[in-house]
Amino acid sequence: ENKETNKRMKEKRRKEKITFPTSQLVEYFRDQMRKDPDMASAVAAIRTLLEFLKRDKGETILGLRESLTSATDCLTGVDSSVAVSSGGELFLRFISLTSLEHQDLSRCKKVMEERGELFLEKISMSRTKVAKLCHTFIKDGAKILTHSYSRVVLRVLEKAAAEKKRFSVYVTESQPDAAGQHMAEALRKLNVPVTVVLDAAVGYVLEKVDLVIVGAEGVVESGGIINKIGTYQMALCSKAHNKPFYVVAESFKFVRLYPLNQQDVPEKFKYKADTLKTAKNLSEEHPIIDYTPPSLITLLFTDLGVLTPSAVSDELIKLYL
Amino acid sequence: MINNLFLSSSVACVTDGPGRKDEIERAKSEGKDLTKEEKQRLRKEKKQQKKSKEKKDDKASQENEKEKKPVTSAAPASQPPTKPTMQKAPSAVPATAPVSVPASEASGPADKPAKTKAELKAERRARQEAERASKQNKKGETGQQATTSKPKAPPSDLQPVVKRLPEHIQVDNPDVLKKLAKKLERQQTPEHYAAKKIPLRLDYGYKVSLFSHLHQYSRKAPLTQQLSIPSTVIHPAIVRLGLQYSHGIVAGSNARSVALLHAFKQVIRDYTTPPNEELSRDLVNKLKPYISFLNQCRPLSASMGNAIKYIKKEISNIPSNCKEEEAKSKLLNDIESYINEKIILAGVAIAKCAIEKQKISDGDVILVYGCSSLVNHILCEAFEKSRKFRVIVVDSRPRLEGKEALRRLVQKGISCTYVLISAVSYILPEVSKVFLGAHALLANGYVMSRVGTSQIALVAKAFNVPVLVCCETYKFCDRVQTDSFVSNELDDPDDLIVTRKGTTPLEGWQNESSLGLLNLVYDVTPPDFVDLVITELGMIPCTSVPVVLRVKNVDQ
């Protein structure tokens, strides 16, 4: 009998019309990204999911959850960064972390929507919180090294500059997309003296710098990070030079992965979404991210506070369990 | 420790003659004599202390006390004038004995006039020192010394609460041994006599000095030989279990815990509440002698300790108005569910987690050490889910447990290689992952496992090979340990003797005074060498063990 009811439920769910077809979803997502280029891709994804939730005309909560998961997968297909998938999963957990024992489905949905708005509000404040925590670690006269273009690091440096601190920045060029140049432009606008260096010159320049700050695309369970390719090298060199290596990341980037080495990172994150769809032989493609193990990281600045890599697991347990 | 022996021997030359040296040599050959003599001496000493406490007005007892006081209180306060007492102070344990023996003789009224002028002078000086010293350290120093004169007593005056060392790592302290013997005597019902008590298992052979604080038993002298038949104190299932432990028939931390729980189930089934007793209290008291007996057969593991704690808690939580049959069936159900949840299902969950999260991928070369039931289960499950990998089994003497693991894996059809631990650095460049089992996970993140595990983790770290430890959460314990010396287990040293080409070189090892055989069972691996711990709660880094313990305590 149980099997029969399960079958019937599955049929019902399939027949429920998807009022937010995938094409519209993707369009909305791209729209959000275009409107505010300063917004993290994960935040745009969460906004899209919230919109999806509002427009969804499902009849069951389980169906709603399933469709949200499939929407997240669909968004990951557009932008394959780790943050999108982690943000989506955390969004789903956050909105379901309340009592959904109401009889009326619409009331349940209303509760979930409210929690979704709350979640969005919380994470929009996260960058400010991180900047507030981190700028004190930048002393007057410091020389900072950073990697590629990270909006969080930019925010931190903005705050430090606003506090009238004098510092200079070295940015790596970060090929293949030369995102480092973009970062240098943004810093020049803040009147911060900036030098762009080759990716290969990291070891050369490290003796001149005092500290290294990088952003992260994802923070994994072990306390390590997933970030643009070249971060691992930078971390290794700064460990050899005994320079502190700081990571700034918002809490929605915490992801339930535990890679043991570079090879262990799932392929769907390693390459850009377009490459995953079109490439015939992935082993010939260049990966765009790498994994930095926790032993090379000094501290992580998140909106949950300043954490050591071993405390990340503690926070993850609180977030996910 | 070595200093103590040396000093005590020098002191003994002054007071007790060459008796102490002989004792040490005798201790090397046979452990029994030393404890008997020491027991006698300690009995005398205790009698003396009791007498001296009662007769405080008596001058002799006063002098006796004061003569002991400078011995004890001079230890923390380094006072140059009391040179003779200073010599005796560090070796407080054996020194109090020879000091009190002549003192006891002195206290006898007949011997009083026999004291020489020099002795009286020494006593007067000692009295002055004692008064000065007693003003300095008023915190129950002497009280401490009277009961357990440990070499650790000196720093006790700095902190008001003295932390006592657990008894199982104070085997070289005769007072503690005596206490243990007494405790085993006491664990009997009052009507029975000494013949039916739990015997004290005596140590065997010369112990390497670094590990002399641990027990070392011989397998040829099982505890059951000293038990009388019929033994009404110990249930036969427990006797059988103890024998199985001490002979290594039941080995491996999961197997031992499950066997223990099954034996306890039998005990509970055969149990009847005596009249005018409550089941919840009486059953716990009944279990205490069984646990001491099992501890004597083979020291309890951390997993067994946790299981026993759970059982005791369940028993004491039984409401008093519960009928006996109901209570017994409830307890049996509890034990059954504990085995099921914490051991069997946890193993299944861990295997699932390891396989689903791609920790075993195609083309992997996995290294395992010894025989861990959990790791074998994971590998067999992965093989059934058609992952293509091969295994390298590393083994070590004298247990050669790897052979059992090899047999199990080859039976399933997994392609295996077998090496001894000396070849580990040769084979590691081929290895992609190392899977280790654990005996216990300590609260500071250290992993306690079979001896040789930390060596493998160290070499794997040097070759940058990820090390994964698989452990169920019921093996997590609150203890903190940073080295393998403090708390360990010494196995039978005769296991190391092997006959090759007709000769047995180590046969007469007991006759060599400078030769000691050491057969360690466990060692401790620091968390820096371990990359990942897989538990049934998920994958956690080694440093998150206290988080899990905290969450568990909140749950309970």
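Note on naming: letters A, B, ... go to the chains in the order of the sequence lines (proteins, then strands), and numbering restarts at 1 for each one.
What you find for A:Glu221 and B:Met539 is that their closest heavy atoms are OE1-O, 2.9 Å. Looking at every heavy atom in both residues, A:Asp314 comes nearest to B:Ser544 through N-OG, 4.4 Å.
For A:His241, the NE2 atom is densely surrounded, since the number of other residues' heavy atoms within 6.0 Å is greater than 12. Heavy atoms of other residues, nucleotides or ligands lying less than 6.0 angstrom from NZ of A:Lys272 number 12 at most. Environment of OH in A:Tyr204: sparse, with no more than 12 heavy atoms of neighbouring residues, nucleotides or ligands closer than 6.0 Å.
Judged as a side-chain hydrogen bond (donor to acceptor under 3.5 Å, both in side chains), and not counting sequence neighbours, the contacts of B:Glu472 are B:Asn254, B:Lys475. With sequence neighbours left out, B:Thr525 forms a side-chain hydrogen bond (donor to acceptor under 3.5 Å, both in side chains) with no residue at all.
Using a cut-off of 4.0 Å between Lys/Arg side-chain N and Asp/Glu carboxylate O, A:Asp264 and B:Lys433 are scored as not salt-bridged.
For the pair A:Asn261/B:Pro466, a side-chain contact is recorded, criterion being any heavy-atom separation below 4.5 Å from C-beta on. Looking at heavy atoms from C-beta onward, B:Leu468 lies in side-chain contact with A:Leu260 at the 4.5 angstrom threshold.
Of all residues spanning residues 344-374 of chain B, those with a heavy atom less than 4.5 Å away from chain A's heavy atoms are B:Gln358, B:Lys359, arranged by number. Identified by a heavy-atom distance below 4.5 Å to chain B, contributing residues of residues 232-240 of chain A are lacking entirely.
Contact count versus chain A (heavy atoms, under 4.5 Å) is highest, among B:Leu532, B:Val547, B:Ile540, for B:Leu532.
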